[in-house]
Amino acid sequence: RRGTCLQPPAAAGGEWATLPFRRCRSGAAMSVESAKKRKTKVIRSDGGAAEKEARKGRGDGDQENKTYSEEAEVDTRDPAKDYDLYKETCEDLQRLMAEIHELKSKGGKDAAAEIDERRIQSCIHFMTLKKLNRLAHIRLKKGRDQTHEAKQKVDALHLQLQNLLYEVMHLQKEITKCLEFKSKHEEIDLVNVEEFYQDAPSDISKPDFTMNDPHQQTLSRLDWELEQRKRLAEKYKESLANKEKIVKDIEIKKEYLSSLQPRLNAIMQASLPVQEYLSMPFDQAHKQYEIARHLPPPLYVLYVQANSYGQACAQMNKASQPYGQDKNLTVAIDGDVEEAKALSRPPEDSQDDESDSDAEEEQTTTKRRRPTLGLQQDDKRREMLKRHPLSITLDLKYKDGSVLHLYFYYLMSLNIVTVKTKVTTATEMSVAISAGDLLSPASLLSCLYPGDHGKKTPNPANQYQFDKVGILTFSDYIGDLGHPYVWVQKLGGLHFPKDQPQKCMLADNSLSASHMETTIKLLRVRLQSRLALQKQFASLEHSIVPISSECQHLFPVKIISRLIKWCAISYDDYVVLPYTKHVREADMAHETDLYFSALIERGTAKLHVAIVLNPGYSTIPPIFSICLNWKGEKSSRNDDNLKAMEGEVNVCFKELLGPKPGHQLLTNQIQRLCMCLDVYLETETHDSSVEGPKEFPREKMFLRLVRGPNRIKPFKYNHPQGFFTHR
């Protein structure tokens, strides 16, 4: 069943409107979508048709003058008001939907009409939302268009800015080129302005025009430079002419000198008997200098510096000869001179001879066996460890007739200098068993300077050479080649920085000269101390402690404790001793030191002594460690008095040096240990429970037996009074 529903003007936008609807048996209205699909039917009267015709006539006239456009309407409407209208419409829609939902939930006969009425209002609100949506899209499109136009303007301005910046950069480059432009005259070193106005003539300097004009001033200075150079060119030509004259005069004098040489040789031969009679061997020195020309650079530097030092010592000793040599220092060159000359020849000279000999060997030998890899390595080792044919012998003579022979060799491939030693004495000395290593070449010069053991090559580049030929350590070849001490390298003018390995080093005369005097003095002191120790060891092995007359006042007249045993021990034996642990922990014992053991006795008391003798004795004092076997085993670690006894010899050693150079230090220290053992035993309290006489009667004078909480005994001896006191 169909029907029409007339709405009032307020609900239909001011006009009557008819909307179709369908009522079901249940009384519910059809949906809005079905209502839109259906065609509307409007029932109008005849009067309405006439009115329609009239309106149509008016509308056609107005349509010609007016057109509706939403895009134009967007410009007239306020977006804020549209937004408020949007919120109000949404609120009304929410309200209407809620009312429809409420009416449907309640049901009723009159509810259908109210639902239809609210549905129509909702549709009107939906139309309002659609219009607002279209207006929003139109605004968005216009905003995008405006943004695009603004972006195009910005891009155009940016492009224009980039063009301007490029022009600015180009102009700056041109300005920089102009500022950095250098004229040729700037490379010329002109005289300064003051000298220019002072020396240049007025027709060139023109001070009236050039003082205030830098350009004209520069031009005038260039003119003056040209004038000066012309004058110098003329002087140069004159100097060349003079040079040619002088060269001619030199050639004439050379011819005269060459003819004079044979005459001088004849005179020298005739003067040989006179030289021998006056002890002035000029001819022998001349031959040595001729041979020295074939020495390698390090040995040549060593020879020159040692010879110069000997002459200086002779002049300081007021020798009768003005150019005499020190008799206690002798320098000589040994070796094959012809082989050294062959080494100094250019390699091209010997190539023809070698090629001829090779050709002869090929003709005579049909089959040659190929050498094995081991033989090749041996040949490479021998070639690397080859010494120069010439060597230097340096002899140091002493007042007692002893001589220290030093033989210096140069290893050509390794670029180092080695030394061998030998000692000869004027009289045969009784060789002590414990003194076997004192004069041995391996230990005589060891640690002449601190830390210089001579067991490793000082040249860092040698290690890479050793790796190529399979040499593990250089110490295996020291017996044949000698010791490469650092001080030997410095005497030869060689210096090898540790952080900059270099295979080729040049010999420096200044380095050799700066170390020559100090090294010679150390060598003399070393041999004197070793000879003195050898004599002392011979007495110590016979249980005799030699004390010189100058040191008698350091000890009392009667010392009962006696040295029973003296012998040399190895480093491993020293390390095993428990009472030497504190010395080893203090890093005061090294494998390069000499080690000795002594036994001092008095009655049932036995004092075991372990001694570390530094190679630099007596500059560096020996170090004593003691252990007492009496009423148990005692050492400095558990007995304060034994610790004080060690301090008497290790700390107060300066009192025992004796006369310089202090070679009596070791024997004086041993004698003081004997004295301290007497004091230790005689000051011990006697046990009253033991019957019989006291084992160690008191035979020395003491002001106080003990002092302090540690009960330290009086070990210091006062010579004038003859009694013992505490320190």
Side-chain angles (χ1 to χ4, degrees), residues 540 543-545 554-556 558-569 573-586 588-589 595-613 621-653 656 666-687 689-690 692-700 702 704-717 724-727:
L540 293 175
S543 301
I544 300 173
V545 182
L554 299 175
F555 312 101
K558 187 177 181 181
I559 298 179
I560 302 176
S561 297
R562 290 289 178 263
L563 177 67
I564 304 301
K565 181 182 177 183
W566 173 268
C567 63
I569 59 175
D573 296 335
Y574 181 84
V575 170
V576 174
L577 299 175
Y579 53 90
T580 62
K581 184 178 180 181
H582 61 288
V583 179
R584 289 183 280 108
E585 291 177 351
M588 301 177 71
Y595 298 92
F596 301 93
S597 174
L599 177 62
I600 301 174
E601 286 187 2
R602 181 179 175 182
T604 59
K606 295 182 180 181
L607 184 66
H608 297 274
V609 185
I611 304 154
V612 181
L613 189 67
I623 300 174
F624 286 72
S625 303
I626 60 177
C627 176
L628 179 62
N629 286 338
W630 183 63
K631 296 182 180 180
E633 185 174 337
K634 304 175 184 178
S635 65
S636 60
R637 304 185 67 180
N638 54 22
D639 193 330
D640 292 333
N641 284 297
L642 291 181
K643 187 176 182 180
M645 289 173 62
E646 286 186 358
E648 287 292 325
V649 293
N650 293 334
V651 179
C652 305
F653 67 92
L656 306 173
L666 178 64
T667 54
N668 290 342
Q669 286 176 310
I670 296 174
Q671 188 72 355
R672 175 166 282 189
L673 270 183
C674 295
M675 179 189 73
C676 291
L677 180 60
D678 285 349
V679 174
Y680 183 91
L681 297 175
E682 291 178 13
T683 54
E684 282 291 314
T685 57
H686 180 66
D687 191 359
S689 61
V690 179
K694 189 176 181 181
E695 183 181 2
F696 303 108
R698 191 172 301 166
E699 298 183 0
K700 298 176 179 60
F702 308 100
R704 295 177 62 183
L705 296 181
V706 293
R707 187 181 70 177
N710 295 333
R711 314 293 289 174
I712 301 299
K713 302 177 184 295
F715 294 111
K716 183 180 179 182
Y717 175 68
F724 288 84
T725 59
H726 293 85
R727 288 191 180 273

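Heads up: numbering here begins at 1 and tracks the sequence.
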Step by step, work out the side chain to side chain contact (heavy atoms under 4.5 Å, CB included) result for Tyr680 and Met645. CA-CA 9 Å; Tyr680 183 91; Met645 289 173 62; 4.3 Å; yes
Between [Y] and [X], is there a side-chain heavy-atom distance shorter than 4.5 Å?
X	Y	value
Arg698	Leu705	yes
Phe696	Arg602	yes
Arg711	Asp640	no
Arg637	Pro578	no
His582	Lys643	no
Pro556	Met675	yes
Val545	Leu540	yes

With rounding to the nearest 0.5 Å, note down the distance linking [atom1] in [X] to [atom2] in [Y].
X	Y	atom1	atom2	result
Cys567	Leu599	SG	CG	9.5 Å
Ile559	Leu673	CD1	CG	10.5 Å
Tyr574	Ile569	OH	CD1	8.0 Å
Leu607	Ile564	CG	CD1	11.5 Å

Would you find a donor on one side and an acceptor on the other, under 3.5 Å apart, between the side chain of [X] and the backbone of [Y]?
X	Y	value
Ser635	Cys627	no
Asp678	Ile560	yes
Asp639	Asn641	yes
Arg707	Arg727	yes
Ser543	Leu563	yes
Glu646	Ile626	yes
Arg672	Glu648	yes

Would Ile600 and Arg562 satisfy side chain to side chain contact (heavy atoms under 4.5 Å, CB included), going step by step from the backbone distance to the final call? CA-CA 6 Å; Ile600 301 174; Arg562 290 289 178 263; over 6 Å; no
Those residues that, when tested against [X], pass ring pair (Phe, Tyr, Trp, His ring centres under 6.0 Å) (two or more places apart):
X	value
Phe555	none
Tyr579	none
Phe724	Phe702, Tyr717

The single option from Val583, Val612, Leu666 that satisfies side chain to side chain contact (heavy atoms under 4.5 Å, CB included) with Phe624 is Leu666
I would like to know whether Leu628 and Leu677 meet side chain to side chain contact (heavy atoms under 4.5 Å, CB included); could you show each step before the answer? CA-CA 9 Å; Leu628 179 62; Leu677 180 60; 4.0 Å; yes
Salt-bridged, Lys713 to Glu682, with N to O below 4.0 Å? no
Going by an N to O cut-off under 4.0 Å, is there a salt bridge joining Lys565 and Glu601? no
Hey, is NZ on Lys606 packed in by over 12 heavy atoms from elsewhere, all under 6.0 Å? no
Can you give me the closest heavy-atom contact between [X] and [Y], atom names plus distance?
X	Y	value
Leu656	Asn668	O-ND2, 2.8 Å
Ala598	Trp566	CB-CE3, 3.8 Å
Ala644	Phe715	CB-CE1, 3.9 Å

